[in-house]
Amino acid sequence: MKRYLPFVILTFLVLLPLAGLSTYAMHILILVIMWSVIGMAWNLLGGYCGQVSFGHAAFFGVGAYTSGILYQKLGISAWWGIPLSIIVVAAFALVIGFICLRLRGPFFALATLAVGVILRVSAENLTGLTQGDLGIMIRTRTWVGKTWYFYIILALAAVTFFLVRKTIDSKLGYYFVAIREDQDAAESLGIPATLYKTIALCISGVLTGMAGAFYMNYMGYIDPKVVFALHDISIVTIMVVMVGGAATYWGPIIGSVIMVLLAELIRSIPVLGVAYQTLFGILLIVIIIFLPNGIAGDWPKLKRLFGLRGAS
Amino acid sequence: MRRIFLVVMAAVFTVSLFATGAFAEDFKLSIPLPLTGKQAKFGEMMKRSYEMAAEEINAKGGIKKKKIVLSFEDSGAKPDTARAIVEKLIDVNKQPVIVGEYTSACAKAVAAVAEERKTPYLIVASADDAITQQHYKYVFRQNAVNAHYGDGVVDFLRRVVKPTTIAILYESSAFGTSGAEAMVKDAEKLGIRVLMKERYEAGSVDFRPLLSKVKAAQPDVVYMVSYVMDASLLMKQIKELRVDAKLFAGGAAGFAIPEFIDNAKDAAEYVISATLWMPEVKFPGAREFAEKYKKRYGDYPSYHGASAYSALYVLKNALDRAKTWTPDKIRDALKTTNMKTAFGPIKFEDREGYQNQNFMDTLVLQVQKGEFETIWLAQYASKQYIYPIPSWRERR
């Protein structure tokens, strides 16, 4: 049963638009899936390879801007941004990796944090290329309905899911985990740590960048503050993985459901007013205190909590 | 632990279920606004103003005998949340018209959705020029475009100050950038030399390096486009560094709301700013609105509040005229709006490359003895302007 779970869920999601959901529900679903892509991508680098990045907004933004600049400057459909962002973001990730991956632990985290901010400031100032703070706006989005956007991001999510799984099950994955557990020990066994860390960063960055390019097409408007946001992108990415469960296949997906769907549900409770943020914050604190490995990571503990021990 | 958790979850779901129950006779209007985050100050003021307008309209019998029931949704100034809210309003709540939002980024996201879903959207205080330049049929804007925000100030410069040089400081946002661009163009027209045009990071804590450059350049006029915290900090540090100029001018937003004086204190004295509205303007109901607002919340509202307040009257006017309340009929009614509000005359025109845009006179205010006074255009003035202004050394 467990083996087929991904396929069951995928089939379910493929059939979902036929149920005639409201565009509001579809919008939230699309955001959930987009965030799970970003979460899975981050998980590969942060969860499995142990390199905690606080700057994934950089990759997200570069992907989004690749798409946006194609549209704005060359007059090509912004959808070409998705394939093109693979190349652009990979090249960018190589450069970033070359500089930042010499650092370890908190120093790497701080360096990536800086990369995110540097890119935001650059995008604000390279007005010739990015329009600066005025942002890039797509005059008419491709589709009014949400179904196609949904399938595109779903396809991207499926590819990401199986790619991450394949990578982790292969030799590469074992190298990543070895580096996470003890980089010196891994190196002494003959694993060129920097090379494999760079590979992890590239894959992770490219997947995030593709999600960014999708965001440009879907939302139709980007500016540096939106796509290179430290809090709204980089930190939320980490939260998605941490809440869901780092180094688990399902963690980022569960995490994005919580960070997007639950956040939206709580936001929609009218009696709370602006106190919804407090409630949501408390909820996150509770999850992190009682389930330090995330929901997927602490699944057995959760089962015990709900008295379902015998059920599985 | 487990029981508490279940109880909490049960409570959350019941509350959210009950909250969606509806009364048939009411006209329910949900308004997206930034109520948290950096723009919350503006959102709060607009929320209060919407509420005041709704109360007044309801007291006089509502719209076509239907009571307006307002609710507010916090977008936190995030475009994707703003979009989510609007998708919900259009699709789930079947709301035939959208009003609200504040930042230009959110307004752009909302405008695109409104246009796609053919639902009229009335913009209240988002200024970025581009929003009404997209040939959108369903997007209306009642505040002036950013390119015209500075008109009053420019007029004042031309007739009174007659400067030869100007320094422009602006925050890195769509609002700041387009405001600064507009000022550069206006300065060129008047033959004023732009000595520097510098962008700063919104929410900075230290402007001294930037201001030292201004001091060295010795411009006649310093023009700044900022949101609230930056505006007061800029003036405080200008005072600290004793940067002297013939005039300090602000481009609306942060310079035109009461918090500016509260935070900058005496450094705010003599600063002029563009604004779209002041309590003294002779529009019907403006004074009453301002006094009522002050009585209730302790401060005069800025143009953001007046615009929000009037937006509901504009909406009422359109809904009164619309035969049925379908999006298309409301859109047509909005298009033929021609009315006087506390915010000024409202009429949505297509000109200068804008569509469905209301054009209005922009005013200039000056801080005199810790109060905002309207000083320009002459017919709206509440006090004579003070110019030339004393240098920092002369002030005590």
Side-chain angles (χ1 to χ4, degrees), chain A residues 21-28 30-31 34 117 120-121 123-125 127 131-135 137-141 143-146 215 218-226 229 231-232 260 262-277 279 283 286 290 304-307, chain B residues 1-2 5-6 8 12-13 15-16 18-20 30 35-36 40 43-44 71-76 78-81 83-93 103-105 108-109 111-113 115-118 128-131 134-135 170-178 181 199 201-202:
Chain A
L21 292 172
S22 73
T23 56
Y24 169 57
M26 288 295 277
H27 174 71
I28 299 298
I30 289 171
L31 286 184
M34 190 188 87
V117 178
R120 176 169 58 82
V121 176
E124 279 171 2
N125 286 288
T127 40
Q131 309 268 72
D133 286 297
L134 294 179
M137 193 171 179
I138 294 181
R139 202 164 279 251
T140 40
R141 290 190 282 240
W143 300 290
V144 175
K146 300 263 189 287
Y215 181 88
Y218 178 59
M219 286 298 287
Y221 173 74
I222 53 168
D223 70 29
K225 285 211 173 50
V226 172
H231 174 265
D232 293 341
V260 181
L262 194 61
E264 177 65 21
L265 283 181
I266 291 182
R267 201 189 57 73
S268 308
I269 305 172
V271 284
L272 280 180
V274 284
Y276 74 90
Q277 289 200 324
L279 183 64
L283 190 71
V286 168
F290 292 102
R304 232 176 303 139
L305 195 67
F306 284 95
Chain B
M1 180 66 214
R2 182 182 144 202
F5 181 69
L6 287 177
V8 168
V12 165
F13 280 110
V15 166
S16 48
F18 274 100
T20 44
S30 262
L35 292 173
T36 55
E44 190 190 5
S71 58
F72 298 91
E73 299 237 14
D74 176 30
S75 68
K78 288 179 214 152
D80 29 354
T81 314
R83 180 170 176 187
I85 295 170
V86 173
E87 302 263 10
K88 180 166 75 176
L89 296 186
I90 295 176
D91 217 61
V92 182
N93 297 10
T103 61
S104 294
K108 281 178 188 171
V113 176
E115 180 69 15
E116 278 178 2
R117 309 298 305 277
K118 304 205 186 314
D128 191 353
D129 303 352
I131 306 172
Q134 308 291 326
H135 296 281
Y170 62 104
E171 69 149 28
S172 57
S173 72
F175 174 68
T177 312
S178 54
E181 298 292 342
R199 177 192 351 232
E201 193 60 27

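As a basis for the values below, the full set of heavy atoms in this structure was taken, side chains included, without hydrogen atoms, waters or symmetry mates. Predicted model only: the values in this text are computed from it and were never measured. Quick note on labels: first sequence line is chain A, next is B, and so on, each numbered from 1.
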Problem set entry | Trace of the salt bridge (charged side-chain N to carboxylate O under 4.0 Å, His left out) decision for B/Lys108 with A/Asp223 | CA-CA 11 Å; B/Lys108 281 178 188 171; A/Asp223 70 29; over 6 Å; no
Problem set entry | CG on B/Asn93 to OG on A/Ser22, rounded to 0.5 Å | 10.0 Å
For this session: Provide the closest heavy-atom pair for B/Asp74 versus A/Tyr276 in the form atom of the first, atom of the second, distance.
Result: OD2-OH, 2.6 Å
For this session: Please look at B/Val86 and chain A and tell me whether the side chain, the backbone, both or neither of the residue comes under 4.5 angstrom of a heavy atom of that chain.
Result: neither
Problem set entry | Partner chain B: residue of A/Lys225, A/Lys146, A/Glu124 with the largest heavy-atom pair count (under 4.5 Å) | A/Glu124
Seminar exercise, completed: Of the listed A/Asp232, A/Val226, A/Val121, A/Leu31, the one with the largest count of heavy-atom pairs under 4.5 Å with chain B is A/Asp232
For this session: Identify the heavy atoms of B/Ala109 and A/Met219 that sit nearest to each other, and give their distance.
Result: CB-CE, 4.3 Å
Exercise. What part of A/Tyr218 lies closer than 4.5 angstrom to a heavy atom of chain B: side chain, backbone, both or neither?
Worked result: both
Exercise. With respect to chain A, which residue among B/Ala40, B/Ser172, B/Ala174 yields the maximal number of heavy-atom pairs within a distance under 4.5 Å?
Worked result: B/Ser172
Exercise. Any salt bridge between B/Glu116 and A/Arg141, counting N to O under 4.0 Å?
Worked result: yes
Exercise. Would you call A/Arg139-B/Glu115 a salt bridge at under 4.0 Å N-O?
Worked result: no
Exercise. Yes or no on side-chain contact (heavy atoms from CB on, under 4.5 Å) for B/Glu87 and A/Met26, after CA distance, side-chain angles and deciding distance?
Worked result: CA-CA 9 Å; B/Glu87 302 263 10; A/Met26 288 295 277; over 6 Å; no
Problem set entry | Interatomic distance, A/Arg267 atom CZ to B/Ile85 atom CD1 [nearest 0.5 angstrom] | 4.0 Å
Problem set entry | Axial cation check for A/Tyr221 ring with B/Arg83, 6.0 Å and 45° limits | no
Exercise. Between the side chain of A/His27 and the main-chain N/O of B/Asp80, is any donor-acceptor distance below 3.5 Å?
Worked result: yes
Seminar exercise, completed: Most contact-rich option vs chain B, by heavy-atom pairs under 4.5 angstrom, among A/Val260, A/Val144, A/Ile28, is A/Val144
Seminar exercise, completed: For A/Tyr215, the ring-ring contact (aromatic ring centres under 6.0 Å, His included) test, sequence neighbours excluded, returns A/Phe60
Exercise. Are B/Arg199 and A/Asp133 close enough that some pair of their side-chain heavy atoms sits under 4.5 Å apart?
Worked result: yes
For this session: Tell me, for A/Thr127 versus chain B, whether the close heavy atoms (under 4.5 Å) come from the side chain, the backbone, both or neither.
Result: side chain
Exercise. Quick one: what part of B/Ser178 sits under 4.5 Å from any heavy atom of chain A, side chain, backbone, both or neither?
Worked result: both
For this session: Given side chain to side chain donor-acceptor pair (under 3.5 Å), test A/Thr23 with B/Arg117 step by step and report yes or no.
Result: CA-CA 10 Å; A/Thr23 56; B/Arg117 309 298 305 277; 2.9 Å; yes
Problem set entry | Which atoms of B/Ala84 approach chain A - backbone, side chain, both or neither, heavy atom under 4.5 Å | both
